[in-house]
Each structure stands twice: as C-alpha cells, then as structure tokens.
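Everything below concerns the one structure shown next.
The structure displayed is predicted, hence computed values, not measured ones.
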Amino acid sequence: FKMNEKQVIIAKMLELQHLFEKQPDGISQKVVLKIKQAIGKLASNKTAAIDISAQVRPISRFIRDEMLEHDYNLTLEQRTLLFDLEGKAQDIENKFQTAADWILF
C-alpha cells in the first residue's frame, strides 16, 4: 500500500510538530500551532494535492522569520526535517506543475 502525497506531508509535519513540542519556549509553541493549523487544513478533504506546498510554505517562512528575528537556532533534527518537508512539498508541486503543463499543451 502506497501512502499518498498528502499523508506523507502530514506525517512529516507531525514529526516536526513533535520535535518543537519538546521545547517549552514561546517560539516553539507558535511553530507547533502553525503546524497544527496546516495539518488541519491538509487533513480536510478540501485541500487538493496541488495545494500541498501552499500549506507548507507558510510554516517554513514562519520558522525562518522567527529564527532570524530572535536569533533562534533549530536543532539539527529540526533543520533536517524542515528541509525534507520543503523538498517533498516542492517535488509534489513540480509533479503537478508538469502534469498541468501537459494538459495545457
């Protein structure tokens, strides 16, 4: 049985959420909340696979903004998972982009 793209992304988001939940600071808690909201949107059937990266991008941006603004350092595990999540979302977006290009021409 093969997990669909949305489930893969949700699994990675849950992993990332779990890593941030271990840290009690305010920034980590805000990140957890952002991830939970995104998972909620993805889990609802309203989000098409093509929109997955639109759910991942705000989390990435938020984490990076917080890191810059507050001199916040991610653990290696968090950073690796974030890059992995972004990469996966980008792959999915590219795949659908290619499919859309085929449909147009």
(message) I want to check something: taking the side chain as every heavy atom from C-beta on, are Leu82 and Arg64 in contact at a cut-off of under 4.5 Å?
(response) yes
(message) Could you check whether any side-chain heavy atom of Gln7 comes within less than 4.5 Å of a side-chain heavy atom of Asn4, counting everything from C-beta outward?
(response) yes
(request) Examine distances only and state if a side-chain atom of Thr80 and a backbone atom of Leu76 form a donor-acceptor pair shorter than 3.5 Å. (result) yes
(request) Answer yes or no: is there a donor N or O on one side and an acceptor on the other, between the side chain of Gln29 and the main chain of Gln23, under 3.5 Å? (result) yes
Point-to-point distance, once rounded to the nearest 0.5 Å, from [atom1] of [X] to [atom2] of [Y]:
{"X": "Phe20", "Y": "Lys30", "atom1": "CZ", "atom2": "NZ", "value": "12.5 Å"}
{"X": "Asp65", "Y": "Ile27", "atom1": "CG", "atom2": "CD1", "value": "11.0 Å"}
{"X": "Glu15", "Y": "Ile10", "atom1": "CD", "atom2": "CD1", "value": "13.5 Å"}
{"X": "His70", "Y": "Asp25", "atom1": "NE2", "atom2": "CG", "value": "10.0 Å"}
{"X": "Asn73", "Y": "Gln78", "atom1": "CG", "atom2": "CD", "value": "10.0 Å"}
{"X": "Ile9", "Y": "Ile92", "atom1": "CD1", "atom2": "CD1", "value": "4.0 Å"}

(message) Quick check: is Phe83 connected to Met67 through a chain of hydrophobic side chains (ILVMFWY, heavy atoms under 4.5 Å apart)?
(response) no
(message) Hydrophobic clusters here meaning ILVMFWY residues chained together by side-chain heavy-atom distances under 4.5 Å, can you tell me if Ile39 and Leu33 are in one?
(response) no
What closest approach, in Å, do [X] and [Y] show between heavy atoms, and which atom pair accounts for it?
{"X": "Ala89", "Y": "Ser53", "result": "O-CB, 3.8 Å"}
{"X": "Ala54", "Y": "Pro58", "result": "O-CD, 3.0 Å"}
{"X": "Met13", "Y": "Ile35", "result": "O-CG2, 3.4 Å"}

(request) Decide, yes or no, whether a salt bridge links Glu66 with Lys34 under the criterion of side-chain N to carboxylate O below 4.0 Å. (result) no
(message) Side chains of Glu21 and Gln17: any donor to acceptor distance under 3.5 Å?
(response) yes
(request) Quick one: list whatever passes side chain to side chain donor-acceptor pair (under 3.5 Å) with Asp84, sequence neighbours left out. (result) Lys12
